[in-house]
Student: 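The structure under discussion is supplied below as structure tokens; questions concerning it will follow.
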Amino acid sequence: PRCASAKQVARPIPVPPPGEAGHIRLGATEPTASHRLPGLLKTFLLRHPNIRISVHIADTPTLTDRVLKGDVDLALCSPPDAGAELYYEPLFKEPFAVLVPENHPLARKAAVGAHDFREHRLLVTSADCPYRRKLEMALNEAGNVPTDLMEIGGMTALKFYVESGLGIALVPGIMLNPAPRGTVVRPLGGDLSIDMTLGMLYAKTGCPFTQATSKLYRFLKEELLQAH
């Protein structure tokens, strides 16, 4: 009957329990945004289907600014510049390796040390990138700063420029499985370490989190610590 249909339509929509709904704005740097988060967020959202997540991909300085402004609730990134209004929890180290064209002289070496960079074009990220700053600091300390640098604006693009034979690059290992065709991966020598700390960044003013954000925070922290 028509009246029965009307009653059925008028039934209230079930309300998710507390903490099982909401919108989380998550920031992330590369390569975590492309190589770790998709699988992790798929698992999380299968467990919590009523929570919505927006992923903001940027470098650490940009994410730090967005966290401070309240535009991002939580970010996975490298350590920010010191700030009294921020919390930062280190979670794991991002290991780097050297990617070289397969016909390059360094392809014949078992490992690449700081002194090997001097005579070859080095592809680097933008000047404000924390990865580049750490690399330049390490090479400065070793006294082997390359004179031929080519700046590539994005971390994820570096391997494609190496594939084209434009130079060599230090690239996060997670991006090199598999390595691009026509390239080889070499570990860093013992005199050079570029492993980068990655962790969780959030504003003190954002604590305590919403229940939904707390669930994501605990999930990511547990999964990333177990994986490393």
Side-chain angles (χ1 to χ4, degrees), residues 15-96 125-137 153-156 171-175 193-228:
V15 177
E20 289 300 326
H23 179 209
I24 306 168
R25 300 160 303 173
L26 176 65
T29 55
E30 293 288 12
T32 291
S34 295
H35 293 267
R36 293 188 178 92
L37 276 185
L40 290 173
L41 294 184
K42 179 181 179 181
T43 300
F44 180 83
L45 291 174
L46 285 172
R47 297 179 188 175
H48 309 284
N50 293 304
I51 293 178
R52 293 186 301 117
I53 299 175
S54 299
V55 180
H56 302 258
I57 303 172
D59 56 26
T60 295
T62 301
L63 290 176
T64 299
D65 185 58
R66 290 182 183 176
V67 167
L68 286 171
K69 289 179 178 177
D71 297 332
V72 167
D73 302 306
L74 188 66
L76 282 167
C77 59
S78 58
D81 293 333
E85 300 173 342
L86 296 167
Y87 283 122
Y88 185 77
E89 293 185 51
L91 294 179
F92 64 94
K93 295 277 191 181
E94 183 81 80
F96 276 65
T125 49
S126 57
D128 60 350
C129 174
Y131 296 97
R132 176 173 170 180
R133 283 187 290 178
K134 183 161 187 179
L135 169 61
E136 289 181 336
M137 188 181 302
M155 172 68 71
T156 54
V171 181
I174 195 171
M175 294 171 54
S193 176
I194 312 292
D195 291 358
M196 194 77 184
T197 299
L198 272 294
M200 209 90 76
L201 176 70
Y202 47 97
K204 290 182 179 179
T205 53
C207 295
F209 293 141
T210 64
Q211 290 187 54
T213 305
S214 291
K215 287 180 185 292
L216 180 62
Y217 163 80
R218 290 194 298 269
F219 171 79
L220 290 176
K221 183 175 181 178
E222 179 180 341
E223 293 293 322
L224 290 170
L225 285 173
Q226 284 182 357
H228 297 87

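No hydrogens, no waters, no symmetry mates; every other heavy atom, side chains included, goes into these values.
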Student: Please tabulate, one pair per line, all N/O donor-acceptor pairs under 3.5 Å involving side-chain atoms of residues 65-72, not counting sequence neighbours.
Tutor:
from	atom 1	to	atom 2	distance (Å)
Asp65	OD2	Lys69	NZ	3.1

Student: Heavy atoms, side chains only, cut-off 4.5 Å: are His56 and Ser54 in contact?
Tutor: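 Side chain of His56 against side chain of Ser54, heavy atoms only: contact under 4.5 Å found.
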Student: Just by distance, do the side chain of Thr60 and the backbone of Ser78 share a donor-acceptor pair under 3.5 Å?
Tutor: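 Between the backbone of Ser78 and the side chain of Thr60 there is a qualifying donor-acceptor contact (under 3.5 Å).
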Student: Can you name the nearest heavy-atom pair linking Ala21 to Ile51, along with the distance?
Tutor: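 Scanning both residues completely, I find the closest heavy atoms to be N-CG1, 3.9 Å.
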Student: When you check the gap from the basic side-chain N to the acidic O, do Glu30 and Arg36 get nearer than 4.0 Å?
Tutor: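 No, this pair does not count.
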Student: Counting C-beta onward and ignoring hydrogens, is there a side-chain heavy-atom pair between Lys215 and Ile24 closer than 4.5 Å?
Tutor: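 No; the side chains remain at least 4.5 Å from each other.
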Student: Is any side-chain heavy atom of Pro80 closer than 4.5 Å to a side-chain heavy atom of Leu86?
Tutor: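 They are in side-chain contact.
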Student: Is it the case that Tyr217 and Glu89 place a side-chain donor and acceptor less than 3.5 Å from each other?
Tutor: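 The criterion, which ignores hydrogens and geometry beyond distance, is satisfied for Glu89 and Tyr217.
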Student: May I ask you to say whether Glu222 pairs ionically with Arg218, meaning some side-chain N is under 4.0 Å from a carboxylate O?
Tutor: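 Judged by the 4.0 Å cut-off on N to carboxylate O distance, Glu222 and Arg218 do not form a salt bridge.
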Student: Give a yes or no answer on whether the side chain of Lys134 reaches the backbone of Cys129 with a donor-acceptor pair at less than 3.5 Å.
Tutor: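 Not confirmed, Lys134 side chain does not pair with Cys129 backbone.
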Student: Are Thr29 and Leu76 packed together at the side-chain level, in the sense that at least one heavy-atom pair is separated by less than 4.5 angstrom?
Tutor: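 Result no, sub-4.5 Å side-chain heavy-atom pair not found.
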Student: Working to the nearest 0.5 Å, report the span between CZ of Arg25 and CZ of Arg52.
Tutor: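 Separation between the atoms: 11.0 Å.
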Student: Taking the side chain as C-beta and beyond, is there a heavy-atom pair between Asp59 and Thr125 under 4.5 Å?
Tutor: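 Contact flag for Asp59/Thr125 side chains = no.
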Student: In this structure, is the centre-to-centre distance between the rings of Tyr202 and Phe209 below 6.0 Å?
Tutor: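 Yes, the ring centres sit under 6.0 Å apart.
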Student: Looking at Tyr87, is Lys204 sitting on its ring face, NZ or CZ under 6.0 Å from the six-membered ring centre and within 45 degrees of the normal?
Tutor: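 Yes; both conditions hold, so Lys204 lies above the ring face of Tyr87.
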Student: Can you tell me how far the OH atom of Tyr88 sits from the CG atom of Leu198, to the nearest 0.5 Å?
Tutor: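 These two atoms lie 5.5 Å from each other.
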Student: In the structure I gave you, are the side-chain heavy atoms of Thr43 and Phe219 within less than 4.5 Å of one another anywhere?
Tutor: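 In short, these two side chains touch, coming nearer than 4.5 Å.
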Student: Could you measure the distance from the OG1 atom of Thr213 to the CG atom of Leu26? Nearest 0.5 Å is fine.
Tutor: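 The OG1 atom of Thr213 sits 9.5 Å away from the CG atom of Leu26.
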Student: Any sub-3.5 Å donor-acceptor pair from Ser214's side-chain atoms to Thr210's backbone N or O?
Tutor: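 Here the side-chain-to-backbone pair exists.
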Student: Do the side chains of Leu224 and Leu40 get nearer than 4.5 Å, heavy atoms only?
Tutor: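 Result yes, sub-4.5 Å side-chain heavy-atom pair found.
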Student: Verify side-chain contact (heavy atoms from CB on, under 4.5 Å) between Asp195 and Glu94, making sure each step is shown before the conclusion.
Tutor: CA-CA 5 Å; Asp195 291 358; Glu94 183 81 80; over 6 Å; no
Student: Classify the ring geometry of Phe92 against His228: parallel below 30°, tilted from 30° to 60°, perpendicular beyond 60°.
Tutor: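 Parallel: the ring planes of Phe92 and His228 meet at under 30°.
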Student: Tell me, do Tyr131 and Met155 make a side-chain contact under 4.5 Å, heavy atoms counted?
Tutor: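 Of all side-chain heavy-atom pairs linking Met155 with Tyr131, at least one is under 4.5 Å.
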Student: Looking only at heavy atoms, what is the nearest atom pair of Pro130 and Met196, with distance?
Tutor: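 Of all heavy-atom pairs spanning Pro130 and Met196, the closest is CB-CE, 3.4 Å.
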